[in-house]
Amino acid sequence: MTVEEKIKELFSYDPKSGQVVRKVTTSSRAKAGDIVGYDSHGYLQVSVAGTNYPLHRIAWLLMTGCWPKYQVDHVNRCRADNTWKNLREATSQENARNRGIQENNTSGFVGVSFNKRLQKWEAYSKTKGKKSHLGFYSTDVEASEAYKTYARIVFGNFYAKMEE
């Protein structure tokens with residue numbers, strides 16, 4: 001029996017709640033009807049045959065019948081929200097676009113930094129390690145709007161709407 005077949009035998013998935021439920025009792029601590037998943041860095045996981053699997057990937061398998069080809073992105077960036085409407089397949093680059101504001105961000109806006117030499121706010125985008133300059137602006141809000149306009153066009157559904 002493949003691991004995919006084992007998972008389909010052991011679990012069911014509710015796309016509205018995002019919960020994965022045990023279908024069969026396998027031990028005194030793992031009973032049919034139990035909601036499964038333990039927290040691992042914000043992601044919910046379950047162990048099957050000694051291997052840990054993220055529940056968002058199990059949800060994908062149970063909904064589509066196969067493992068995702070790429071990564072599974074949480075649209076709202078909440079790692080524990082495994083509702084079907086919150087999951088989408090994404091390349092690693094697309095998934096990275098859906099990150100929140102990084103810890104080292106000092107402007108408070110994605111794609112915006114302050115240029116000390118020019119005393120202006122710069123809008124930029126980074127793709128594949130290459131920085132694309134989108135212009136200099138008098139305010140951080142203007143620079144943010146320039147980034148948002150660019151990101152909506154270039155990134156489409158994977159544009160992270162941090163401030164909206």
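These numbers were taken from a predicted model, which means no experiment stands behind them. All residue numbers in this chain count up from 1 along the given sequence.
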Next item on the list: Before giving the answer on side chain to side chain donor-acceptor pair (under 3.5 Å), spell out for Tyr13 and Asn82 the whole-Å C-alpha distance, their side-chain angles and the decisive distance to 0.1 Å.
Entry: CA-CA 10 Å; Tyr13 168 69; Asn82 291 319; over 6 Å; no

Margin query: Show, in sequence, the C-alpha distance, side-chain angles and deciding distance for Asn104 and Thr106, and conclude whether the side-chain contact (heavy atoms from CB on, under 4.5 Å) test is met.
Written below: CA-CA 6 Å; Asn104 63 349; Thr106 57; over 6 Å; no

Next item on the list: Report the C-alpha distance between Arg57 and Leu61 in whole Å, list the side-chain angles of each, state the deciding distance to 0.1 Å, and finish with yes or no for side-chain contact (heavy atoms from CB on, under 4.5 Å).
Entry: CA-CA 6 Å; Arg57 293 184 66 81; Leu61 172 67; over 6 Å; no

Next item on the list: Please test Glu122 against Lys131 for salt bridge (Lys or Arg N to Asp or Glu O under 4.0 Å), starting from the C-alpha separation and ending with a verdict.
Entry: CA-CA 12 Å; Glu122 178 185 12; Lys131 187 174 178 179; 3.6 Å; yes

Item checked: Derivation of the side-chain contact (heavy atoms from CB on, under 4.5 Å) call for Tyr124 and Val112 -> CA-CA 6 Å; Tyr124 66 90; Val112 175; 5.6 Å; no

Note to self: For Lys23 and Leu10: C-alpha separation, side-chain torsions, deciding distance, then whether side-chain contact (heavy atoms from CB on, under 4.5 Å) applies.
What the structure shows: CA-CA 5 Å; Lys23 293 193 321 191; Leu10 289 175; over 6 Å; no

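A search for side-chain hydrogen bond (donor to acceptor under 3.5 Å, both in side chains) contacts involving Arg88 returns Asp73, not counting sequence neighbours.
Side chains of Tyr150 and Ser132 form a contact here, defined as non-hydrogen atoms less than 4.5 Å apart. For the pair Val46/Leu55, a side-chain contact is recorded, criterion being any heavy-atom separation below 4.5 Å from C-beta on. For the pair Phe11 and Val21, the minimum side-chain heavy-atom distance is 4.5 Å or more. Side-chain contact between Thr83 and Leu87 is absent, with no heavy atoms from C-beta onward closer than 4.5 Å. Residues Asp34 and Lys31 are in side-chain contact: their nearest non-hydrogen atoms beyond the backbone lie under 4.5 Å apart. Between Val3 and Thr51, the closest side-chain pair of non-hydrogen atoms is not below 4.5 Å.
Clustering ILVMFWY residues whenever any of their side-chain heavy atoms sit less than 4.5 angstrom apart, transitively, puts Val48 in the very cluster that holds Val24. Follow the hydrophobic side-chain contacts under 4.5 Å out from Leu134 and you never reach Phe136; the two are in separate clusters.
Other residues, nucleotides and ligands contribute only 12 or fewer heavy atoms inside 6.0 Å of the OH atom of Tyr70. Within a 6.0 Å sphere centred on NZ of Lys126, heavy atoms belonging to other residues, nucleotides or ligands number 12 at most.
Across every non-hydrogen atom of Asn52 and Gln45, the tightest pair is CB-OE1, 3.2 Å.
Taking the six-membered ring for Trp and the full ring otherwise, the centers of Tyr137 and Trp121 sit at least 6.0 Å from each other.
The pair Glu5-Lys8 fails the salt-bridge criterion, with no side-chain N (NZ, NE, NH1 or NH2) lying under 4.0 Å from an Asp/Glu carboxylate O.
Asn95 and Gln71 form a side-chain donor-acceptor contact under 3.5 Å, judged by distance and modelled atom types alone. There is a side-chain donor-acceptor pair under 3.5 Å between Asn105 and Ser107.
The stretch residues 72-103 participates, sequence neighbours left out, in these ring pair (Phe, Tyr, Trp, His ring centres under 6.0 Å) pairs: Tyr43-His74, His56-His74, Trp60-Trp84.
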